[in-house]
Amino acid sequence: MSTPPEQPPEQPGASSSSYELPPPNPPQSRSQGEPQGQPPQSQPQSPGGYGTPVPVQHNPYAQPTPSPYAPSSVYYGPGQPGQPGAVPGQPGSGGKGGAGRAVLWAVVGAVVASALWGGGVLLFGKDSGSDAAEADLRGYTLKSDLCTAADLSAFATEYPQPDSDPTTYSAPGQAVDSMSCSEGLKKTGSSYSDAYLSVEADLHKKTDPAAEFADIWLAYKKRATTYVVTSVAGFGDEAYLVTEDTVAPSTTGSGSSGDREVILAVRDGWLTYSMNWSVYSSSLDTSPVATISEATGWVKSATKATLAKLKS
C-alpha cells in the first residue's frame, strides 16, 4: 500500500474558497524634484479603493502658490514677474502702474505751470491780468496844512477877517493821499461866521479816478431839484460847477432866508479837487447876501491860485 503525499497544514482562518487577493499597488516613482531619502508622497485613494485614504503631505521643496489677496510688486518692462526684462518697483501700463503714471504727470504739469507763471512775473513784473499804470499826479504833492497852502485871497474883499481856528488835516495813504481845510468867513465887525468855505484834494496813487469823477458830481441833480450842475472849461482835464440857491425874500418884508452854495470840482490827471462856498441867510440878517454869480467868481479865482500852489 502506497502512502499518500503529505498535504501542507491549513492556515488558521483561511477560507476554503478559491478567491485570490489582488496584487499590491505598484510602487510609485519619485518625482524629479524630490531628493533621495525622502518617502514618496502618498496619493489619495479614490472611492471604492482599498484601505484608508492617506492625507497629502506637505512638500517643503515645492514652489508656493501665490495668494490672490497678497500684495504684488508692480513690474515694468517686456517681461513678466520672474521672467527676463522685468524690473520690479516701476509703474507699468495698467493697474497700479497706470495710476502712478497719472499722478506723476499731474505733478509734472503743476511744476511746469508754476515755472511758466513765475517766469512771466519775472519777465513782465506783473501778471497779465493786472492794470498797474503809473499814477499821473501832474506834479501835485501832499501838503501837511492845506489851509496854509491854499490861496484864498479872492475872498478877502468880502470877508476880511481870517478864521483864527481853521480845521485842517493831511492823511497820507497807500492808495490815496488826502488833505482838507475848513474855514469860517467873516465880514467886517462880525462876531460869527457869515459864510463857510471848505477845500479838499485827493492824490490817487493806485487807480485813475477818471471813470467815476463825472458820476459823482452829476449825481447832485438827483439829490434835489434845486441843484444845477454845469461843465466848466479851463480847469484840468474836466471840471463841474454845482450851484444851489434857495434864498427867498422874507414874508415879513425885511431880509431874506434860505441857502446858497457854490462848488467847483476839478480833476487834473489823478488829482481830484473841490472848493465849496456856502451861506445860510435868515430873516434877521440885515446885510445883503452874496449872489451865486459873485460867489462863483471868488471860487474860480481861488481854485486857480490854490491848484498852482499845490504843485510848488
Side-chain angles (χ1 to χ4, degrees), residues 135-206 209 213 216-217 220 227 232 234-245 259-281 285 287 289-312:
D136 181 14
L137 297 179
R138 309 282 175 91
Y140 294 104
T141 59
L142 179 67
K143 305 300 181 181
S144 59
D145 187 344
L146 183 58
C147 289
T148 301
D151 188 341
L152 305 179
S153 57
F155 297 93
T157 301
E158 182 72 10
Y159 308 103
Q161 294 190 59
D163 191 335
S164 59
D165 189 20
T167 301
T168 183
Y169 80 87
S170 179
Q174 291 289 333
V176 180
D177 291 342
S178 301
M179 43 190 164
S180 175
C181 170
S182 296
E183 291 191 12
L185 303 176
K186 296 179 182 180
K187 295 181 178 181
T188 303
S190 296
S191 301
Y192 301 97
S193 297
D194 296 292
Y196 298 91
L197 184 72
S198 64
V199 184
E200 293 185 359
D202 294 326
L203 303 176
H204 301 262
K205 300 184 292 184
K206 298 293 185 181
F213 185 77
I216 292 174
W217 297 104
Y220 270 81
Y227 280 107
V232 179
F235 296 87
D237 295 321
E238 58 180 326
Y240 295 92
L241 182 68
V242 182
T243 61
E244 182 189 35
D245 188 0
D259 297 315
R260 281 179 181 167
E261 183 177 13
V262 175
I263 306 172
L264 180 59
V266 179
R267 182 186 66 81
D268 192 8
W270 288 24
L271 165 82
T272 55
Y273 165 98
S274 66
M275 178 176 284
N276 183 313
W277 171 90
S278 61
V279 64
Y280 175 77
S281 177
D285 295 333
S287 60
V289 179
T291 65
I292 291 292
S293 178
E294 292 175 321
T296 298
W298 301 332
V299 169
K300 285 183 176 181
S301 296
T303 291
K304 282 187 176 293
T306 299
L307 288 177
K309 293 188 69 174
L310 292 181
K311 289 186 177 183
S312 60

Over 60° means perpendicular and under 30° means parallel, so classify the ring planes of Phe213 and Tyr240, tilted if in between.
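Ring orientation of Tyr240 relative to Phe213: tilted.
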Tell me whether the rings of Tyr159 and Phe155 are parallel (<30°), tilted (30 to 60°) or perpendicular (>60°).
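Rings of Tyr159 and Phe155: tilted, 30 to 60°.
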Please identify which of these residues, His204, Arg267, Glu200, meets the side chain to side chain donor-acceptor pair (under 3.5 Å) condition with Thr272.
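Single side chain to side chain donor-acceptor pair (under 3.5 Å) partner of Thr272 among His204, Arg267, Glu200: His204.
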Quick one: closest heavy-atom pair of [X] and [Y], and the distance?
{"X": "Pro162", "Y": "Pro160", "result": "CD-O, 3.2 Å"}
{"X": "Thr243", "Y": "Val262", "result": "CG2-CG2, 4.3 Å"}
{"X": "Leu310", "Y": "Ala201", "result": "CD1-CB, 4.2 Å"}
{"X": "Gly184", "Y": "Ser193", "result": "CA-OG, 3.4 Å"}
{"X": "Met179", "Y": "Lys143", "result": "SD-N, 3.4 Å"}
{"X": "Ser198", "Y": "Ser182", "result": "CB-OG, 3.9 Å"}

Approximate separation, where rounding is to 0.5 Å, of [X] [atom1] and [Y] [atom2]:
{"X": "Asp136", "Y": "Asp237", "atom1": "CG", "atom2": "CG", "answer": "7.5 Å"}
{"X": "Asp163", "Y": "Thr168", "atom1": "CG", "atom2": "OG1", "answer": "11.5 Å"}
{"X": "Lys309", "Y": "Thr141", "atom1": "NZ", "atom2": "OG1", "answer": "12.0 Å"}
{"X": "Ser191", "Y": "Gln161", "atom1": "OG", "atom2": "CD", "answer": "8.0 Å"}
{"X": "Asp245", "Y": "Ser293", "atom1": "CG", "atom2": "OG", "answer": "11.5 Å"}
{"X": "Trp298", "Y": "Leu185", "atom1": "CH2", "atom2": "CG", "answer": "9.0 Å"}

side-chain contact (heavy atoms from CB on, under 4.5 Å) partners of Ala135, counting only residues at least two apart:
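With neighbours one apart ignored, the set is Leu137, Trp270.
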Restricting to side-chain contact (heavy atoms from CB on, under 4.5 Å), what partner residues turn up for Ser278, sequence neighbours left out?
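Only Tyr196, Glu261, Asn276 meet the side-chain contact (heavy atoms from CB on, under 4.5 Å) criterion with Ser278.
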Quick one: does [X]'s side chain get under 4.5 Å of [Y]'s, heavy atoms only?
{"X": "Asp268", "Y": "Leu307", "answer": "no"}
{"X": "Tyr169", "Y": "Thr167", "answer": "no"}
{"X": "Ile263", "Y": "Tyr220", "answer": "yes"}

Begin from the C-alpha positions of Arg260 and Val289 and carry the test side-chain contact (heavy atoms from CB on, under 4.5 Å) through to its verdict.
CA-CA 9 Å; Arg260 281 179 181 167; Val289 179; 3.9 Å; yes
Using the disulfide (SG to SG under 2.5 Å) rule, collect all pairs that involve residues 147-196, keeping only residues at least two apart or in two chains.
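Sorted result for residues 147-196: Cys147-Cys181.
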Can any side-chain N or O of Lys304 pair as donor or acceptor with the backbone N or O of Gly234 at less than 3.5 Å?
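Pair found, side chain donor or acceptor close to backbone of Gly234.
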Look only at the side chain of Thr306 and the backbone of Asp151, and say whether a donor-acceptor pair between them is shorter than 3.5 Å.
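Such a contact is found between Thr306 side chain and Asp151 backbone.
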For Ser170, side chain to side chain donor-acceptor pair (under 3.5 Å) partners two or more places apart
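Not a single residue meets the side chain to side chain donor-acceptor pair (under 3.5 Å) criterion with Ser170.
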For Ser190, side chain to side chain donor-acceptor pair (under 3.5 Å) partners two or more places apart:
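Applying side chain to side chain donor-acceptor pair (under 3.5 Å) to Ser190 gives Asp194.
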Determine whether Thr296 and Trp277 satisfy the following criterion, side-chain contact (heavy atoms from CB on, under 4.5 Å), listing intermediate values before the conclusion.
CA-CA 9 Å; Thr296 298; Trp277 171 90; over 6 Å; no
Run the numbers on Met275 and Leu152 for side-chain contact (heavy atoms from CB on, under 4.5 Å), then give the verdict.
CA-CA 10 Å; Met275 178 176 284; Leu152 305 179; 3.9 Å; yes
Please name all residues satisfying salt bridge (Lys or Arg N to Asp or Glu O under 4.0 Å) with Lys205, sequence neighbours left out, ordered by chain then number.
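Salt bridge (Lys or Arg N to Asp or Glu O under 4.0 Å) list for Lys205, sorted by chain: Asp177.
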Stepwise side-chain contact (heavy atoms from CB on, under 4.5 Å) check, Val232 with Val266
CA-CA 9 Å; Val232 179; Val266 179; over 6 Å; no
